[in-house]
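The structure under discussion appears below in the form of structure tokens.
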Amino acid sequence: MFTLFRLLEFSFSSIVWGVILSAVCVFLLHLIISGLWNKAEYTPLTFLSGFVLFIALTFNIALIFGGMKVKSLVDDVQASAETVVNTVVKPRGEMIEAGTEEVTKRIGDEYPIVAPYLESAKVDASSIEKLPETIGNSVRSSINSFILRRVLWSLGFLVVCAIVAVKSVNTAGSTRGYSRHNRASGHRTSGHFSRTGNRRISRRR
């Protein structure tokens with residue numbers, strides 16, 4: 001949980017994007033409900049589901065953008081790892097296990113926001129020379145998995161809250177949107193035929 005809040009702190013613009021996109025999603029849900037029923041009344045459960053959806057989407061979307069921001073640092077992380085390998089690990093003649101530990105520790109100190117992904121990444125290099133590339137690929141894969149989980153959580157909240165909102169709306173005395181359209185079309189059609197019939201009768205007379 002600390003990692004999540006540190007990620008939000010790292011990229012405040014991610015929170016702004018989360019709020020904006022979440023508000024858009026909630027507004028679209030409102031439009032869908034308004035299109036389905038005429039004069040539908042929102043219940044407290046409807047408002048609660050909308051609020052929960054807004055908070056959940058804001059949090060997850062902000063983390064998605066934050067993860068994308070961290071992902072943009074992977075190339076710098078890989079370059080730093082290569083520098084550590086060339087200036088520290090190789091001169092010492094360290095083995096791959098000790099070299100990996102040394103590089104990840106220094107990268108974590110230089111890029112604290114990347115440290116959690118280094119811990120969860122599977123760094124398994126076959127040689128010291130390939131260690132920087134392996135670290136970069138491992139961190140990139142770890143971030144991609146994190147973003148995917150956030151996307152799935154967002155979709156899950158969106159589906160569940162949308163279903164709850166639609167089911168909780170008070171539709172007593174309201175009509176479906178397509179019914180209003182069909183009735184309006186029927187009135188226009190019947191009126192057209194009525195006027196046409198009257199004109200024909202007048203011509204016969």
Side-chain angles (χ1 to χ4, degrees), residues 1-26 28-29 51-162:
M1 183 60 67
F2 174 73
T3 302
L4 300 182
F5 285 109
R6 187 163 61 178
L7 182 61
L8 295 177
E9 182 182 0
F10 170 73
S11 180
F12 180 77
S13 61
S14 302
I15 302 178
V16 177
W17 279 111
V19 171
I20 294 174
L21 294 180
S22 299
V24 170
C25 290
V26 173
L28 289 177
L29 179 60
F51 177 76
V52 171
L53 178 62
F54 176 78
I55 296 299
L57 286 183
T58 298
F59 184 71
N60 283 284
I61 292 175
L63 290 177
I64 290 172
F65 276 90
M68 294 171 62
K69 183 73 173 179
V70 174
K71 189 177 178 180
S72 66
L73 299 175
V74 174
D75 290 339
D76 295 334
V77 168
Q78 187 170 332
S80 297
E82 187 172 354
T83 300
V84 174
V85 168
N86 293 329
T87 60
V88 179
V89 178
K90 284 185 176 180
R92 292 180 181 176
E94 294 180 350
M95 300 299 291
I96 185 64
E97 293 80 5
T100 301
E101 184 178 353
E102 179 69 24
V103 173
T104 53
K105 181 180 182 302
R106 288 177 177 264
I107 294 299
D109 293 339
E110 185 176 357
Y111 298 94
I113 193 63
V114 181
Y117 301 101
L118 283 171
E119 295 173 0
S120 59
K122 295 181 179 180
V123 180
D124 186 16
S126 57
S127 64
I128 291 295
E129 289 74 13
K130 294 183 179 180
L131 184 57
E133 181 181 358
T134 303
I135 288 177
N137 292 335
S138 299
V139 172
R140 191 177 289 108
S141 177
S142 181
I143 295 175
N144 287 337
S145 299
F146 173 82
I147 293 176
L148 178 60
R149 290 195 301 271
R150 294 299 114 193
V151 170
L152 294 177
W153 273 108
S154 298
L155 292 177
F157 275 109
L158 182 59
V159 171
V160 172
C161 291

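Everything quoted here is computed from the prediction, not taken from an experiment.
- Counting heavy atoms from C-beta outward, Asn144 and Lys71 have side chains that approach closer than 4.5 Å.
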Requested in this report: Verify side chain to side chain contact (heavy atoms under 4.5 Å, CB included) between Ser80 and Val103, making sure each step is shown before the conclusion.
Outcome: CA-CA 9 Å; Ser80 297; Val103 173; over 6 Å; no

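- Of the inter-residue distances, the one linking Leu152 atom CG with Asn60 atom CG reads 10.0 Å to the nearest 0.5 angstrom.
- Listed for the Ser138 side chain is a donor-acceptor partner under 3.5 Å among the backbone atoms of Thr134.
- Not a single side-chain hydrogen bond (donor to acceptor under 3.5 Å, both in side chains) links Asp76 to another residue, sequence neighbours left out.
- The minimum heavy-atom distance linking Ala62 with Ser14 is given by the pair O-CB, 3.2 Å.
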Query raised in the report: Would Trp17 and Thr58 satisfy side chain to side chain contact (heavy atoms under 4.5 Å, CB included), going step by step from the backbone distance to the final call?
Result: CA-CA 8 Å; Trp17 279 111; Thr58 298; over 6 Å; no

Requested in this report: Kindly indicate, with the supporting measurements, whether the criterion side chain to side chain contact (heavy atoms under 4.5 Å, CB included) is fulfilled by Val26 and Phe51.
Outcome: CA-CA 9 Å; Val26 173; Phe51 177 76; over 6 Å; no

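- A 4.5 Å side-chain heavy-atom check between Val114 and Val70 finds at least one atom pair inside the cut-off.
- Across all non-hydrogen atoms, the minimal contact from Leu53 to Phe157 is CD1-O, 3.7 Å.
- The side-chain heavy atoms of Ile135 and Gln78, taken from C-beta on, include no pair separated by under 4.5 Å.
- Taking CG of Leu73 as the start and CD1 of Ile107 as the end, the distance is 11.0 Å to the nearest 0.5 Å.
- The CG atom of Asp109 sits 9.5 Å away from the OG1 atom of Thr104 when rounded to the nearest 0.5 Å.
- In this structure, Ile143 and Ile147 have side chains that are in contact, with non-hydrogen atoms separated by less than 4.5 Å.
- Note: Leu148 CG to Ile64 CD1 = 9.5 Å, rounded to the nearest 0.5 Å.
- Counting heavy atoms from C-beta on, the side chains of Leu63 and Phe146 come closer than 4.5 Å.
- A distance of 9.0 Å separates CG of Leu155 from CG of Leu57, quoted to the nearest 0.5 Å.
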Requested in this report: May I have the step-by-step check of side chain to side chain contact (heavy atoms under 4.5 Å, CB included) for Ile61 and Ser22, ending in yes or no?
Outcome: CA-CA 8 Å; Ile61 292 175; Ser22 299; 4.0 Å; yes

